[in-house]
S.K.: 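Sharing a structure with you now.
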Amino acid sequence: MHRGTALEEIVVVGYGTQRKQDLTGAVSVVKTEDLAKQPSGQVTSQLQGRASGVTITGGGQPGEAPQIKIRGSNTFGNNSPLYVVDGIPTDNINDLNPNDVASMQVLKDAGSASIYGSRAANGVIVITTKRGKGKMKVTYDAYYGTQMVKSGNPWNILSSQEMADLTFMALRNTNPGDPINHSQYGNGASPVLPNYIAPVGADTVDEALYNVNPYYTNSSDLNNFYRIVEANKEGTNWFQEIFSPASITSHNLSVSNGSEKGSYLFSLNYFDQEGTLKNTYLKRYTMRSNTVFNISDNLRVGQNLSFSVRENPQISALTEGSAIGMAIRQQPIIPVRDIKGNFAGSFGSDLGNARNPVAQLDRIRNNRGVSNRIFGNIFAELDFLENFTLRTSYGGQYFSNSFNSFSYPEYENAENNSVNSYTEGANTRYNFTWTNTLQYTNTFNDIHNVNVLIGTEAYQNRERQVGGTMQSYFSFDPNYVTLETGSGTQTNYSWKRQDALSSLIGRLDYNFDDKYLLSATIRRDGSSRFLNNQYGWFPAVSAGWNIGNENFMPELDWLNDLKIRGGYGVMGNQLNVDPANSFTTFGGNQQSSYYGISGGNQSIAEGFQQTRLGNPDAKWEKNTNSNIGLDASLFNNSVQLSVDYYNKEIKDLLFNPNLPATVGNATVPFVNVAEMANSGLDMDVSTFFNLTDDLRLNTTVTLTTYKNEIKKIADGYAYFDREGRRFNGSTIIRNAVGHSVSEFYGYKIAGFWNSADEIANANADAVAVTGNPNATYQSDVAVGRFRYEDIDGDGRITADDRTFIGNPNPDFTYGLNLELIYKNWDLSMFLYGTQGNDIWNNVKWWTDFYSSFTGAKSHTALYDSWTPQNMNATAPIQETTGSFSLADVPNSYFVEDGSYLRAKHIQLGYTFPSDVMNKYSISKLRLYAQMVNAFTITSYSGLDPEISGGTVNFGIDEGAYPNQRQLLFGVNVIF
């Protein structure tokens, strides 16, 4: 791309368009042709690394929306950006067909985004879908491929015999000299694997006694089963049992045409991605119709409309109860199935309490959730009096979803769900946006360019959901099971919510002789989510100086264009306020508010309790944003550079502090008490080099940095904690004033206690420092256990010695796109990476400590744990019971460097010569082969270093759904 096209390029901004050279705000323009190279059903996943200032983290589960942050965390609640598709604001674009995207811009600062007012604080992503132009053409794009699975033993789990050896080691470490008598492995000097784990530790059994009915309907039957399960002496590789290669395919067909009378585009897309984890997938059908009709020279009408149908069953990854979490814990001696082909599991003795993950996934096979979404708008534009354009647009979405799930009875586990149940529900959502704008554009004396926009916008949203659950079915046939055919007590629920916005919009853009640029915007929003502070004003001003157009600039071969710009303004956020937040409400609850007034338990009387405490004084979260940027074209326009530095002060953040217990169980309201700040640097660099007449090299580099700091939480609150997991009352994450959101907090390990003398000396020092003859340096101290660092220097390890031990926020993220074109061949590679972020690897809590529940353990636990002969070990001594000095409290053992560099894709394509294709009435034919997630360079020991999570509790890995390698073949054809 050269200067003539780069600077004259039209960029879609809020409620209009601008030339790229006229931009004064921080706007990243995404190259949509590069997005399409990343095979995904999610446009947001394709955006990763393509725009500076945008940090995206996601997993490998089909259809799972990634976590998106524009210039860092902006709130304790929802950080999702606002999406504007063809002028219609929406909160998600999960159903948007990536092939339909024509342009994408990311509005990152107040100068570019504050025109969206109360919904702009998290940034705005503006998307325009394709329209017809030129002669009629038919386009077909398709690819098909295989998603591969990591080979071997990714969790580093021991074999069955090694598990037995570790068990005996832990027993001896815990009670030296005591005789061993293990239910499964015997009582000899060395452990012996049994032939059967059910009956427990048996060598021979009478298989005629087998009695298991997997479809039992009476809970009491569970106690009468006689299970016979052979020990898997080789060891079950549970990772390989639940993950398997899976297909991914996409077919997209579009027809388009454009002329002076108007244009049209129709498209159909079928996307089908089977999950590498059984019974997870994304299957989606999308249709689009975009039309514009030129009624006259000055009147245009049109519509943009899409309809999608989506099936997308998912699991709750990163949780211990998921199939992935259970596969980590399930012991290798347990086979997938018993002698009769029914599921085997942890039922028995000394096998833990994990569930069979294969059974978990099999039992969701009939669960369904189908969603439908209609999204789009109709619009009209009228040009009059030469310089005025009046535009009206009415659009929105209608979303509906129906879902059902059946919970089968279990029989194979140590802890079984013995009651079958069925749940069914449906929800609908309807919202509309009606926008009316009047635009005035004129040029005076050839040097004064003025653009004025004023408008109004109305938004209304309504949602409803209804559902119910029934138990005790005698048949599990999915064609039979409904909410009416069970025999238990039916439960039901329903809820509804609605909210609305009413807005006034204004913008002034002034350009003096293509040198001096000024832009000012203001928006007034009124929201139904607030009561006493219903209206808010969101102003912004930005300016730019095209130094390259100044007469005093010398002719420099290396500098072709230079612009400096800056802006300041306010953006808002209302996402974190429930529509009912302002109101104190009451309701009935059969369990807690219905009882006989006399205190008897023979009858109930309807009563009420407070369900919500209202805060009528809540108002917008305000994001005050300043930005300074530089744009340059260098070296005969072969290098395009854009750099921005920004600072954001976020005030009036909504937080719901704990209230006294006398308040009761009512929902605590959100109040505007917190403050946060972000600052950082964004950089986009594109280069275009003609190496020879036939060889071109194009590159794009993006760099994103942000520093997040919590300034205030609430009066009397220096922090709030999250993620207790299995740490006996302690938490992993502390969100504290002066620190970033979601930092890891715990004890810092200083090594191991290597001898009794070390312990005695430390205790003696503690006695001397405290003057207490009973003082000890550290609780539960013993040889081989962790020695924690005395952070506060008081000579003892107490709760005050906990410190910040990791930060999941990266120092920076980056993307590098390389494209090499030689005649009809093209080769591209896209690299994405993060640097400086930490991961809390909670998988190691389950696998590296024998004391952390009975379950599968790692090679580290057996071969690299502390012993008198291996004091430089990785893991501590293995014992049967946990303690403060092992893994009962959060400590730095679980923190790992999460930095990585990943080849998101490598693609090789060939375009057939046009003179050959024209003979067959084909305008273009391109074939390509592609490797997705080709390699990842990281020191992280887990499955995948790309770990997401919540807003204030991310970066914890407890069983990730990994991004798998894919091999694809595709075709692009234009007729």
S.K.: Where do I70 and P81 come nearest, in terms of heavy atoms and distance?
M.R.: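 That would be CD1-CB, 3.7 Å.
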S.K.: According to the interplanar angle, ranging from 0 to 90°, do the rings of F884 and Y788 count as parallel (below 30°), tilted (30 to 60°) or perpendicular (above 60°)?
M.R.: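 Plane angle over 60°, so perpendicular.
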S.K.: Taking the six-membered ring of Y745 as reference, does the cationic atom of R802 (NZ for Lys, CZ for Arg) lie under 6.0 Å from its centre and within 45° of its axis?
M.R.: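 No, R802 and Y745 do not form such a contact.
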S.K.: Does the ring center of F399 lie less than 6.0 Å from the ring center of Y430?
M.R.: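 Ring centres of Y430 and F399 not closer than 6.0 Å.
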S.K.: Taking side-chain contact (heavy atoms from CB on, under 4.5 Å) as the test, write out the residues that go with Y814, two or more places apart.
M.R.: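 Residues passing side-chain contact (heavy atoms from CB on, under 4.5 Å) with Y814: L703, F812, L901.
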S.K.: Which pair of non-hydrogen atoms, one from V889 and one from F727, has the smallest distance, and what is that distance?
M.R.: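 The answer is C-CD2, 3.4 Å.
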S.K.: Regarding N891 and K748, do their side chains bring together a donor and an acceptor under 3.5 Å, going by distance alone?
M.R.: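 The answer is no; no qualifying pair exists.
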S.K.: Does D652 pair with K622 as a salt bridge, N-O distance under 4.0 Å?
M.R.: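 No, no charged N to carboxylate O under 4.0 Å.
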S.K.: Could you verify whether a donor N or O on one side chain and an acceptor N or O on the other, from Y940 and D957, lie under 3.5 Å apart?
M.R.: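 Looking only at side-chain atoms, D957 and Y940 do form a donor-acceptor pair, the distance falling under 3.5 Å.
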S.K.: Side chain of Q67, backbone of G949: donor and acceptor closer than 3.5 Å?
M.R.: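 Side chain of Q67 to backbone of G949, a donor-acceptor pair under 3.5 Å: yes, one is there.
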S.K.: May I ask you to check whether Q610 and R612 show a side-chain donor-acceptor distance below 3.5 Å?
M.R.: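 The criterion, which ignores hydrogens and geometry beyond distance, is not satisfied for R612 and Q610.
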S.K.: Verify, without hydrogens or angle tests, whether N807 (side chain) and E743 (backbone) share a donor-acceptor contact under 3.5 angstrom.
M.R.: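 Not at all, since once roles are kept as given, no pair shorter than 3.5 Å links the two residues.
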S.K.: Only one of I127, T90, T44 passes side-chain contact (heavy atoms from CB on, under 4.5 Å) with L96; say which it is.
M.R.: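 Exactly one candidate clears the test, I127.
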S.K.: Would you say CZ of R462 has more than 12 non-hydrogen atoms from neighbouring residues, nucleotides or ligands within 6.0 angstrom?
M.R.: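 No - once you tally the heavy atoms of other residues, nucleotides and ligands closer than 6.0 Å, there are 12 at most.
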S.K.: Is the closest basic N to carboxylate O distance between E621 and K651 below 4.0 Å?
M.R.: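 No, no charged N to carboxylate O under 4.0 Å.
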S.K.: F744: what forms a ring pair (Phe, Tyr, Trp, His ring centres under 6.0 Å) with it, not counting sequence neighbours?
M.R.: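 Expected list: W840.
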S.K.: Would you confirm whether the ring centroid of F655 sits within less than 6.0 angstrom of the ring centroid of F720?
M.R.: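 Judged by ring-centre distance (under 6.0 Å), F720 and F655 do meet the cut-off.
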S.K.: Testing the 3.5 Å rule here: is there a donor-acceptor pair between the side chains of D644 and N627?
M.R.: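 On atom types as modelled, these side chains qualify, holding a pair under 3.5 Å.
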S.K.: Under a plain distance cut-off of 3.5 Å, with no hydrogens placed, do T57 and S948 share a side-chain donor-acceptor pair?
M.R.: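 Result is no, nothing qualifies.
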S.K.: Looking at D790 and D794, would you say the former's side chain and the latter's main chain have a donor-acceptor pair under 3.5 Å?
M.R.: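 Between the backbone of D794 and the side chain of D790 there is a qualifying donor-acceptor contact (under 3.5 Å).
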S.K.: Is the count of non-hydrogen atoms from other residues, nucleotides or ligands lying under 6.0 Å from D715 atom CG greater than 12?
M.R.: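 No, because the 6.0 Å sphere around CG of D715 holds 12 heavy atoms or fewer from other groups.
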S.K.: Applying side-chain contact (heavy atoms from CB on, under 4.5 Å), name anything that partners I628, two or more places apart in sequence or on another chain.
M.R.: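 With neighbours one apart ignored, the set is Y645.
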S.K.: For G117, is there any backbone N or O sitting under 3.5 Å from a side-chain donor or acceptor partner on S114?
M.R.: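 Checking the backbone N and O of G117 against the side chain of S114, no donor-acceptor pair under 3.5 Å is found.
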S.K.: Which distance, rounded to the nearest 0.5 Å, do you find between the OG of S371 and the CG of N401?
M.R.: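 Interatomic distance, S371 OG to N401 CG, rounded to 0.5 Å: 5.5 Å.
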S.K.: Locate the shortest heavy-atom distance separating A618 from N581; write the atom from each residue and the value.
M.R.: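 Shortest heavy-atom contact: CB-ND2, 3.7 Å.
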S.K.: Indicate yes or no: at least one non-hydrogen side-chain atom of M104 is less than 4.5 angstrom from one of V43.
M.R.: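 Of all side-chain heavy-atom pairs linking V43 with M104, at least one is under 4.5 Å.
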S.K.: So, does N122 use its side chain to make a donor-acceptor pair with the main chain of S80 at under 3.5 Å?
M.R.: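 Yes, N122 side chain to S80 backbone: donor-acceptor pair under 3.5 Å.
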S.K.: Does a side chain donor of either T585 or T611 reach within less than 3.5 Å of an acceptor in the other side chain?
M.R.: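 A donor-acceptor contact under 3.5 Å links the two side chains.
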S.K.: List the atom of S519, the atom of D509, and the distance in Å for their closest heavy-atom pair.
M.R.: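 S519 and D509 have their closest heavy atoms at OG-OD1, 2.7 Å.
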S.K.: Quick one: side chain to side chain donor-acceptor pair (under 3.5 Å) pairs with a partner in residues 672-683, sequence neighbours left out?
M.R.: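 Applying side chain to side chain donor-acceptor pair (under 3.5 Å) to every pair that reaches into residues 672-683, excluding sequence neighbours, yields R71-D682, K108-D682, N678-N708.
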S.K.: Testing the basics here: between Y15 and L453, what is the closest heavy-atom pair and its distance to 0.1 Å?
M.R.: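 Closest approach of Y15 to L453: CB-CD2, 3.6 Å.
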S.K.: Distance alone, cut at 3.5 Å: any donor-acceptor contact between the side chains of Q574 and R119?
M.R.: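 No, because no side-chain N or O of Q574 sits under 3.5 Å from a partner of the opposite role on R119.
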S.K.: Kindly say whether S742 contributes a backbone atom to a donor-acceptor pair with the side chain of N953 at under 3.5 angstrom?
M.R.: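 Not at all, since once roles are kept as given, no pair shorter than 3.5 Å links the two residues.
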S.K.: State which residue, out of T521, V124, L23, V84, fulfils the side-chain contact (heavy atoms from CB on, under 4.5 Å) condition with V13.
M.R.: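 Considering T521, V124, L23, V84, a side-chain contact (heavy atoms from CB on, under 4.5 Å) with V13 is found only for L23.
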S.K.: Hey, does the side chain of S527 reach the backbone of Q534 with a donor-acceptor pair shorter than 3.5 angstrom?
M.R.: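 It does not hold such a pair.
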S.K.: N623 side chain to A121 main-chain N or O, any donor-acceptor pair under 3.5 Å?
M.R.: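 Checked: pair present.
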S.K.: Any donor-acceptor pair under 3.5 Å linking the side-chain atoms of Q835 with those of D811?
M.R.: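 Short answer, no.
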S.K.: Please step through side chain to side chain donor-acceptor pair (under 3.5 Å) for the pair S52 and T702, ending with a clear verdict.
M.R.: CA-CA 5 Å; S52 67; T702 64; over 6 Å; no
S.K.: Output yes when a side-chain donor or acceptor of N576 lies under 3.5 Å from a complementary backbone atom of N78, and no otherwise.
M.R.: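 Present.
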S.K.: Do K711 and E709 meet the salt-bridge criterion of a basic N to acidic O distance under 4.0 Å?
M.R.: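 K711 and E709: salt-bridged.
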S.K.: Taking only residues two or more places apart in sequence, or in another chain, which ones meet F538 in a ring pair (Phe, Tyr, Trp, His ring centres under 6.0 Å)?
M.R.: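 In terms of ring pair (Phe, Tyr, Trp, His ring centres under 6.0 Å), with neighbours along the sequence ignored, F538 is linked to W620.
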S.K.: Ion pair present between R50 and D684, side-chain N to carboxylate O less than 4.0 angstrom?
M.R.: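 So R50 does not pair with D684 through a salt bridge.
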S.K.: So, for Y893 and Y747, is the gap between ring centers shorter than 6.0 Å?
M.R.: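 No, too far apart.
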S.K.: Take E723 and T731, measure what side chain to side chain contact (heavy atoms under 4.5 Å, CB included) needs, and give me the verdict at the end.
M.R.: CA-CA 5 Å; E723 298 295 339; T731 53; 5.7 Å; no
S.K.: In terms of side-chain geometry, is the basic nitrogen of R726 or E320 positioned less than 4.0 Å from the acidic oxygen of its partner?
M.R.: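 E320 and R726: salt-bridged.
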S.K.: Among side-chain atoms of Q48 and E946, is any donor-acceptor pair under 3.5 angstrom?
M.R.: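 Q48 vs E946: donor-acceptor pair found between side chains.
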S.K.: More than 12 foreign heavy atoms under 6.0 Å from NZ of K712: is that the case here?
M.R.: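 Enclosed: over 12 neighbouring heavy atoms sit under 6.0 Å from NZ of K712.
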S.K.: Under the criterion side chain to side chain contact (heavy atoms under 4.5 Å, CB included), I'd like the reasoning laid out for V668 against F670: C-alpha separation, chi angles, the key distance, then a yes or no.
M.R.: CA-CA 7 Å; V668 178; F670 282 82; over 6 Å; no
S.K.: Please determine, by modelled atom types, if T437 and R507 share a side-chain donor-acceptor pair under 3.5 angstrom.
M.R.: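 There is no such pair between these side chains.
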S.K.: Any donor and acceptor pair, going by atom type alone, linking the side chain of E896 with main-chain N or O of D838 inside 3.5 Å?
M.R.: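 Answer holds: no.
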S.K.: Any salt bridge between E457 and R523, counting N to O under 4.0 Å?
M.R.: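 Salt bridge present between E457 and R523.
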S.K.: Verify side chain to side chain contact (heavy atoms under 4.5 Å, CB included) between I315 and Q61, making sure each step is shown before the conclusion.
M.R.: CA-CA 8 Å; I315 67 159; Q61 183 162 211; 3.5 Å; yes
S.K.: Using the ring pair (Phe, Tyr, Trp, His ring centres under 6.0 Å) criterion, which residues pair with F375? Sequence neighbours excluded.
M.R.: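 By the ring pair (Phe, Tyr, Trp, His ring centres under 6.0 Å) rule, F375 matches no residue at all.
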S.K.: Under 3.5 Å, is there a donor-acceptor pair linking the side chains of N461 and R429?
M.R.: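 Checked: N461/R429 side chains pair up, N/O donor to acceptor below 3.5 Å.
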S.K.: Of all the heavy-atom pairs spanning S73 and V741, show the shortest one and how long it is.
M.R.: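 Residues S73 and V741, closest heavy atoms: OG-CG2, 3.4 Å.
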S.K.: Please determine whether side chain to side chain donor-acceptor pair (under 3.5 Å) holds for the pair N809 and Y706, giving the CA-CA distance in whole Å, both sets of side-chain angles, and the decisive distance to 0.1 Å.
M.R.: CA-CA 8 Å; N809 295 279; Y706 69 85; 2.9 Å; yes
S.K.: Within this structure, what is the CG-CD1 distance for the pair N436 and I505, rounded to the nearest 0.5 Å?
M.R.: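 N436 CG to I505 CD1: 9.0 Å, rounded to 0.5 Å.
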S.K.: Please determine if K619 and D617 form a salt bridge, counting it only when a charged side-chain N lies under 4.0 Å from a carboxylate O.
M.R.: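 D617 and K619: not salt-bridged.
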